[in-house]
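Keep in mind the model is a prediction, meaning the values are calculated, not measured. Every chain is numbered from 1, with letters handed out A, B, ... down the list of sequences.
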Amino acid sequence: MSESSNFIFNEIDKDLANGVYQADEIMTRFPPEPNGYLHIGHAKAIFINFSVKEKYHGRTNLRFDDTNPAKEDVEYTEAIERDIAWLGYKWDNLFYASDYFGRMYEYAVELIGKGLAYVDDQTQDEIKANRGTLTEKGTNSPYRDRSAEENQTLFREMKEGKYPTGSKVLRAKIDMASPNINMRDPVIYRILFETHHNTGDSWCIYPMYDYAHPIEDAIEGVTHSLCSLEFEDHRPFYDWLLDHLDDCRVKRPRQIEFARLNITNTIMSKRYLKRLVDEGRVDGWDDPRMPTLSGLRRRGVTPAAIRNFCYESGVAKANSVIDKAQFDYFVRDDLMKTSKRVMAVLNPLKVTIRNYPEGESELLDIPYNLDEPEGASRKVPFGRELYIEREDFMEVPPKKYFRLFPGNEVRLMGAYFITCESFVKDEDGNITEVICTYDPETKSGSGFTGRKVKGTIHWVPSGAIEMEARLYEELLNEDSDAEDWVERLNPNSLTVCNALGEPSLANAKPGDLYQFVRNGFFCADSRHSKAEHLVFNRTVSLKSSWQPPKEA
RNA sequence: AGGGGUAUAGCCAAGUCGGUAAGGCAACGGAUUUUGAUUCCGUCAUUCGUAGGUUCGAGUCCUGCUACCCCUGCCA
């Protein structure tokens, strides 16, 4: 495996070579706002920050960027910590931006003292109107030239709660004619009478992201502040602020932007995911249909799969959309190595083995992985009746169909060869039963080499179907969890949210989960104590539905 | 007077000094197979958005175009 390389590492290497930072002080941070659950897109940001820590033997902090009490909640901080830990990352320190409110306030006072910030009494609409447009410069606020003394008094009174929400703001005094709108005297403090999840009611003014973030980074000693592309335009202010704060001028972090992760047909917007939850379109943030880390976890995706996916996806500045198949590959790849394999039937068809003694049965010992016959195994009852997948039998087989059809012999996986003798149809012409014979000589593991078959098919014991599960859950046979498996496998009860291209679950296709299962993986709900990954392979292609080859 | 970014295969993506296009996914061949899976071999860019220029030599340097993304929250 080649050493990974990306432009961020290159930039850090340059900074190290130029002596901008010392090798032992490299520090990054993952700074989510606790206003929702983490999703697969965040996993990439987490991966990037922690990969810097690993490569440079540095540190990475988790910092809750909680500067807007109106949107944040402890429910989210807890979920975020849980999800990062699940992904397998350990932060060096846990910080809250809100812990720095005091210092942020003092820095604002410093700015005012230097004539670099002022209190603006304009209304929100006036500020907006005076900001100008993309092509026209803005105009100065009539309050722009207040004296430092007046501004100090006003700002202190804002903090003391003398003015109502929204009545005044503190603005940095830069340049209303700047072509970069972020430099047109950005608002850095607003009045907000809201209870904060961390600081309670001790503040009624809160710093804006643009103001708070550079200070947070500087206070913590972050060297590389990695964020997504849309903040490129904010970098000039990030640098301006640090340039004008005495404490931060010398040792200061560097902001580097990268492209967000996008996956085809996958919603990657916290705003919209929150709507799905709020409107009850899903069971919660951890609904298996959600692209959240908690949802993926419940769906059977492993942390290693996500990490490998991020690693192989690369880090760049070009906007891109990764094919979902690439994500699926890494899930399959990891599950294939680590999971137990079992048999399942989604659409059952009864098979009667005519020459198997009536009323008798035997317990077959079937290894979870037939490539490792000495490995762990489970007992599966085998008798005169059993069920196979309906797709695995055809009355009139097309060319190159290797499974069951009249006269053909196949192996029942882990059991015996069976040969189809005939089949039964109901009045409507539907096939209801297949009659076969088996060859006792061909028992799995017996070393039989007399002849070969081209097809091997899955099957489940007759009792399995009676659970209405259409799934025989072999692993948990003494456990009541089987019903959850029913729930998870029923194509009509669980669709795949990722198929959505727009904000409506109504567009999800009922067959999506089925497809998902056929694509090779699912697992027990990880909220259950006995949760365990199982790989469910079928005799058909796991990558795509088997299609009869075209006639030549 | 707009500003900031990005363009390398169907999809991601490497390509720090100019030296003759990594790797992964997908796809397609073929071998093995008690899962049509896995595994294993092999194929898949005479060309890097485009038009010129410099050079013995350009994905890399220069100039001009084009396309797409982001920015006018008291969100982050």
*Asks:* Would you mind classifying the nucleic acid contact of A/Lys452 as base, sugar-phosphate or nothing, using non-hydrogen atoms under 4.0 angstrom?
*Replies:*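 Sugar-phosphate contact only.
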*Asks:* Just to be sure I understand the rule, does A/Ile127 reach a base, reach only the sugar-phosphate, or reach nothing, if contact means heavy atoms closer than 4.0 Å?
*Replies:* base
*Asks:* When the P atoms of B/U39 and B/C25 are compared, how many Å lie between them, rounded to an integer?
*Replies:*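 Rounded to whole Å, the distance is 9 Å.
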*Asks:* Going by the glycosidic torsion and a 90 degree boundary from 0, is the base of B/C17 oriented syn or anti?
*Replies:*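 B/C17: syn.
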*Asks:* Taking any heavy-atom pair under 4.0 Å as a contact, classify A/Lys337: base, sugar-phosphate, or nothing.
*Replies:* nothing
*Asks:* Sort out the partner of B/C40 for me: Watson-Crick or G-U wobble, both distances under 3.5 Å, none otherwise.
*Replies:* B/G30
*Asks:* Under 4.0 Å, heavy atoms only, any strand: does A/Asn10 hit a base, just the sugar-phosphate, or nothing?
*Replies:*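 Result for A/Asn10 = base.
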*Asks:* Tell whether A/Arg403 reaches the base of B/G36 with its side chain through a donor-acceptor pair below 3.5 angstrom.
*Replies:* yes
*Asks:* Identify whether any heavy atom of A/Leu134 sits under 4.0 Å from a base atom; if not, whether one sits that close to sugar-phosphate; answer base, sugar-phosphate or nothing.
*Replies:* base
*Asks:* Does A/Val169 reach a base, just sugar-phosphate, or nothing at all? Heavy atoms under 4.0 Å.
*Replies:*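 It contacts base atoms.
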*Asks:* Does CD in A/Glu374 sit with more than 12 non-hydrogen atoms of other residues, nucleotides or ligands closer than 6.0 Å?
*Replies:*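 Not more than 12 within 6.0 Å, no.
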*Asks:* Nearest of B/U34, B/C12, B/G5 to any side-chain atom of A/Ser313?
*Replies:* B/C12
*Asks:* Answer with base, sugar-phosphate or nothing: what part of the nucleic acid does A/Thr123 contact at a heavy-atom distance below 4.0 Å?
*Replies:*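 Touches a base.
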*Asks:* Scan A/Phe231 against the nucleic acid and name what it touches under 4.0 Å (heavy atoms): base, sugar-phosphate only, or nothing.
*Replies:* base
*Asks:* With rounding to whole Å, what would you report as the distance between B/A26 and B/C11 at their P atoms?
*Replies:*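 These two P atoms come out 15 Å apart once rounded.
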*Asks:* Applying salt bridge (Lys or Arg N to Asp or Glu O under 4.0 Å) to A/Asp185 and A/Lys173, what does each step give before you reach the verdict?
*Replies:* CA-CA 5 Å; A/Asp185 291 9; A/Lys173 192 174 184 174; over 6 Å; no
*Asks:* Taking the C1' atom in each of B/A58 and B/U47, what is the distance between them to the nearest angstrom?
*Replies:*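 Here B/A58 and B/U47 have their C1' atoms 12 Å from each other.
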*Asks:* Categorize A/Arg131 for me: base, sugar-phosphate, or nothing, with a 4.0 angstrom heavy-atom threshold over every strand shown.
*Replies:*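 Sugar-phosphate contact only.
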*Asks:* Hey, is the main chain of A/Ala304 close enough, under 3.5 Å, to the side chain of A/Asp334 for a donor-acceptor pair?
*Replies:*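 No, because the side chain of A/Asp334 does not come within donor-acceptor range (under 3.5 Å) of the backbone of A/Ala304.
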*Asks:* NA contact type, A/Thr67, heavy-atom cut-off 4.0 Å: base, sugar-phosphate, or nothing?
*Replies:*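 Sugar-phosphate contact only - A/Thr67 comes under 4.0 Å of backbone atoms but never of a base.
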*Asks:* Considering only B/G5, B/A26, B/C75, which nucleotide approaches the side chain of A/Lys317 most closely?
*Replies:* B/G5
*Asks:* Do A/Tyr238 and A/Asp217 pair up side chain to side chain, a donor and an acceptor below 3.5 Å, judged on atom types alone?
*Replies:*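 A donor-acceptor contact under 3.5 Å links the two side chains.
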*Asks:* Assign A/Glu126 to base, sugar-phosphate, or nothing according to its heavy-atom contacts below 4.0 angstrom with the strands shown.
*Replies:* nothing
*Asks:* Mind checking if A/His234 touches a base, just sugar-phosphate, or nothing, with heavy atoms under 4.0 Å?
*Replies:* base
*Asks:* Measuring only the C1' atom in each nucleotide, how far is B/A31 from B/A37? A whole number of Å is fine.
*Replies:*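 Those two atoms are separated by 16 Å.
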*Asks:* Can you tell me how far C1' of B/U33 sits from CE of A/Met413, to the nearest Å?
*Replies:* 11 Å
*Asks:* Run the numbers on A/Tyr118 and A/Phe155 for ring-ring contact (aromatic ring centres under 6.0 Å, His included), then give the verdict.
*Replies:* CA-CA 8 Å; A/Tyr118 62 96; A/Phe155 186 51; over 10 Å; no
*Asks:* Could you check B/G59 for me: syn (within 90° of 0) or anti?
*Replies:*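 Anti for B/G59; the angle lies over 90° from 0.
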*Asks:* Between B/C56 and B/A9, how far apart are the C1' atoms? Round to whole Å, please.
*Replies:* 30 Å
*Asks:* Checking contacts here: which listed nucleotide (B/G36, B/G2, B/G73) is nearest the side-chain heavy atoms of A/Thr135?
*Replies:* B/G2
*Asks:* Taking the P atom in each of B/A76 and B/U6, what is the distance between them to the nearest angstrom?
*Replies:*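 Those two atoms are separated by 26 Å.
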*Asks:* For A/Glu362, give me all partners under side-chain contact (heavy atoms from CB on, under 4.5 Å), at least two apart in sequence or on another chain.
*Replies:* A/Tyr356, A/Leu364, A/Phe382, A/Tyr416, A/Lys443
*Asks:* Checking all strands, does A/Gly414 fall into the base, sugar-phosphate, or nothing category for heavy-atom contacts under 4.0 angstrom?
*Replies:* base
*Asks:* Rounded to whole angstrom, note down the C1' distance from B/G18 over to B/C62.
*Replies:*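 It comes out at 13 Å once rounded to the nearest Å.
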*Asks:* Just call it for A/Thr133: base, sugar-phosphate, or nothing, with non-hydrogen atoms closer than 4.0 Å on any strand.
*Replies:* base
*Asks:* Looking at A/Phe417, is its backbone amide N or carbonyl O close enough to the side chain of A/Thr442 to form a donor-acceptor pair, meaning the two atoms are under 3.5 Å apart?
*Replies:* yes
